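Here is the structure we will look at, set down as structure tokens.
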Amino acid sequence: MPIQGIFYVYASVSDIARAKKFYRETLGWRLETDTPDVGGFWFGNGYFIAQQGGAPHGSGGTYVTVRVDDVAAEHVQLRARGLAVGELRDFPWGERSFRFSDPDGNGWSYAQHVER
């Protein structure tokens, strides 16, 4: 049976209402699953599930890189929405990216492939 890819990414959060607001309003992801303890979001063809409970607040524990078409535009847009984003950087393996964290310390980056 061939592997097709990642089905979803999961992270525990300490405050599901805050997480839903962050992923929906700050990142602009589409809320699909909306229950009292779970928020499921589409971002492109990826799916992310935030669930209240589990890891202690601020411990993070998740780090995911999301592939985007125009990382510089995403960087500008998220900064304009008030998100503390890291510096836009180029790496020798053909990646341009920046990092940020959600309110629970889970790490994210947006990246795009660039010619070396």
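Computed from heavy atoms alone, side chains included, the values below leave out hydrogens, waters and symmetry copies. Count residues from 1 along the sequence. Remember, it's a predicted structure, so these values are computed and weren't measured experimentally.
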* Evaluate the side chain to side chain contact (heavy atoms under 4.5 Å, CB included) criterion for residues Val9 and Ile49: first the C-alpha distance (whole Å), next the side-chain angles of each, then the deciding distance (0.1 Å), finally the verdict. => CA-CA 6 Å; Val9 175; Ile49 297 171; over 6 Å; no
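- Considering only heavy atoms from C-beta on, Arg24 comes within 4.5 Å of Phe41 through its side chain.
- Under the 4.5 Å side-chain heavy-atom criterion for ILVMFWY residues, a single connected hydrophobic cluster contains both Val64 and Val71.
- Judged as a salt bridge (charged side-chain N to carboxylate O under 4.0 Å, His left out), and not counting sequence neighbours, Asp70 has no contacts.
- The hydrophobic clustering, which links ILVMFWY residues whose side-chain heavy atoms are closer than 4.5 Å, places Val68 and Phe91 apart.
- Taking both residues in full, the closest heavy atoms of Pro103 and Phe22 are given as CD-CG, 3.6 Å, listed atom of the first, atom of the second, then distance.
- Heavy-atom minimum distance, Gln51 versus Val38: CG-CG2, 3.9 Å.
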Which donor-acceptor pairs under 3.5 Å do the side chains of residues 93-100 make with protein atoms, sequence neighbours left out?
{"from": "Trp93", "atom 1": "NE1", "to": "Glu95", "atom 2": "OE1", "distance (Å)": "2.8"}
{"from": "Glu95", "atom 1": "OE2", "to": "Ser97", "atom 2": "OG", "distance (Å)": "2.8"}
{"from": "Arg96", "atom 1": "NE", "to": "Asp90", "atom 2": "OD1", "distance (Å)": "2.5"}
{"from": "Arg96", "atom 1": "NH2", "to": "Asp90", "atom 2": "OD1", "distance (Å)": "3.2"}
{"from": "Arg96", "atom 1": "NH2", "to": "Asp90", "atom 2": "OD2", "distance (Å)": "3.4"}
{"from": "Arg99", "atom 1": "NE", "to": "Tyr63", "atom 2": "OH", "distance (Å)": "3.1"}

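- In this structure a side-chain-to-backbone donor-acceptor pair under 3.5 Å is missing from Asp104 to Val13.
- Between Gly107 and Ser101 the shortest heavy-atom distance is CA-OG, 4.4 Å.
- A donor and an acceptor atom, one from each side chain of Tyr47 and Thr33, are located under 3.5 Å apart.
- Rounding to the nearest 0.5 angstrom, the gap separating the CZ atom in Arg79 from the CD atom in Glu74 is 14.0 Å.
- Across Ala11 and Asn106, no two heavy atoms sit closer than the pair CB-ND2, 3.8 Å.
- To the nearest 0.5 Å, the span separating NE2 on His75 from CG on Leu83 amounts to 9.5 Å.
- Atom CG of Asp69 sits in a sparse spot, with 12 or fewer heavy atoms from other residues, nucleotides or ligands closer than 6.0 Å.
- By the rule that hydrophobic residues join a cluster once side-chain heavy atoms approach within less than 4.5 Å of another member, Leu27 and Val76 end up as members of separate clusters.
- Across all their heavy atoms, Tyr10 and Ser12 have their closest contact at OH-OG, 3.3 Å.
- When all heavy atoms are compared, the tightest approach of Leu31 to Gly39 is CD1-CA, 4.1 Å.
- Separating the OG1 atom in Thr65 from the CD atom in Gln112 is a distance of 13.5 Å, to the nearest 0.5 Å.
- The local environment of OH in Tyr8 is sparse, with at most 12 non-hydrogen atoms from other residues, nucleotides or ligands closer than 6.0 Å.
- Counting only distance, with no hydrogens or angles, the side chain of Arg81 and the backbone of Thr26 share a donor-acceptor pair below 3.5 Å.
- Residues Trp108 and Phe48 place their aromatic rings such that the two centres sit under 6.0 Å apart.
- Heavy atoms from other residues, nucleotides or ligands lying under 6.0 Å from CZ of Arg30 number more than 12.
- Note: Trp29 CH2 to Lys20 NZ = 15.5 Å, rounded to the nearest 0.5 Å.
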